Amino acid sequence: MSQHFLLSKAAKTLSLAQVFRMTDAEAETAFKAVRWASTDGAPVCPSCGSVEAYEARRPNGSLRFRCKGCKKDFTITSGTLFASHKLPLRGYLAAIAVFCNESALALSRDLGLSYKSAFVLLHKLREAMAEELKGRVIAGEGKTAEVDGGYFGGYVKPASQKEYHRDRRYARNQNGKRKVVVVVRERGGNSVPAVFGSESQAAAFIRARIAKGTVVHADEAASWDGLHERFEMKRINHQEAYSLDGACTNQAEEYFSRLRRAEIGIHHHIAGACLLRYAQESSWREDNRRVSNGDQVNRITALALKRGKSVDFTGYWQRHIT
């Protein structure tokens, strides 16, 4: 089977590192080649269309052209979205590169790495994020926590012909790979996720991660009935309302909303052995969504430097467990 183009070397001809290594002259040449491709980068007057123009740089060094025909001055960005720009041209090249690269392959392209190297690096960073979740107990006396579950993976492709269609909601028509992410989240606080085969298997995890005296909100699923023995419970029937009589799981639902968006728009597939790491990453991002990106970078770097060897990845791609 041939390699997918997006994974090939030909698909990664520009990285952010290359952009930021460019000189001003190289950035100008790159912009000219794109804007005036039909003239091989030779400037074309946006006012009269003349190709007879010469450089007329300003004292500050910024590049301008003067048309011999209409005598008007113009720049590489005149008449474009970047007209009257404030950033250097390198900054706009970098912005375009990031915009074009924003996908599951973004890091691979930005840093000029192979997809495999980028994939392993990101999972090691997810391991570092998970260090903050290890052993975390949320809520406490007089506080509120929410519990909910969301199923991921185990996709079964539907049959093409109608007579062969099967209801994939039934266990007999599934492939056994579907897993549930269960999250416990403190109102206005932190969250902790875990992965199980079914919601009913999460009871011990929930009891260990929610402190005594916490008021726990959950939906009407029978999986949460056993929690009444330990916690004061408030249940909400989502067939009747999202919030009723003070009971709701909206903040837990917010976590799954963002995890689903990440699955659909960024990762595309977050099931299997890596599901827990993606769930932990989503939890970390949700808990730190109001922290500045600079502080987030510093925290992840510190966590990564404190972390020992990877438990998921040792070596280049083998995923040997240490």
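Just so we're clear, the structure is a prediction, and the values are computed from it rather than from any experiment.
Residues His217 and Phe231 keep their aromatic ring centres 6.0 Å or farther apart.
Of all heavy-atom pairs spanning Ala304 and Leu125, the tightest one is CB-CD2, 4.5 Å. Here the shortest heavy-atom pairing between Glu186 and Ala139 reads OE1-N, 3.0 Å. Residues Glu199 and Gly149 approach most closely at OE2-CA, 3.5 Å, considering heavy atoms.
Residue Ile270 holds its CD1 atom at 4.5 Å from CD of Glu263, rounded to the nearest 0.5 Å. Here the SG atom belonging to Cys274 is positioned 9.5 Å from the CZ atom belonging to Arg277, to the nearest 0.5 angstrom. Distance check: His238 NE2 to Cys248 SG gives 7.5 Å after rounding to the nearest 0.5 Å. One distance of note links CD of Gln251 with OG of Ser191; it measures 10.0 Å at 0.5 Å rounding. Atoms OH and CG, on Tyr242 and Asn250 in that order, are 9.5 Å from each other to the nearest 0.5 Å. A distance of 11.0 Å separates CD1 of Ile236 from CD of Glu146, quoted to the nearest 0.5 Å.
Under 4.0 Å is where a charged nitrogen must lie from a carboxylate oxygen, and between Lys134 and Glu131 at least one such pair does.
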Dump the intermediate steps for salt bridge (Lys or Arg N to Asp or Glu O under 4.0 Å) on Arg126 and Glu281, then the final yes or no.
CA-CA 6 Å; Arg126 292 184 182 106; Glu281 176 198 5; 2.7 Å; yes

Working note: Asp295 + Ser292, criterion side-chain hydrogen bond (donor to acceptor under 3.5 Å, both in side chains); need CA distance, chi angles, decisive distance, verdict.
CA-CA 5 Å; Asp295 289 341; Ser292 70; 3.1 Å; yes

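A donor-acceptor contact closer than 3.5 angstrom is absent between the side chains of Ser223 and Ser200. If you check the side chains of Gln296 and Arg299, you find no donor sitting under 3.5 Å from an acceptor.
A side chain to side chain donor-acceptor pair (under 3.5 Å) with Ser257 is found for one member of Glu253, Arg260, Arg261, Glu254 and no other, namely Arg261.
Ring geometry, His267 versus Tyr278: the interplanar angle falls from 30° to 60°, so the pair is classed tilted.
Arg66 places no side-chain N or O within donor-acceptor distance of the main-chain N or O of Glu55, the cut-off being under 3.5 Å.
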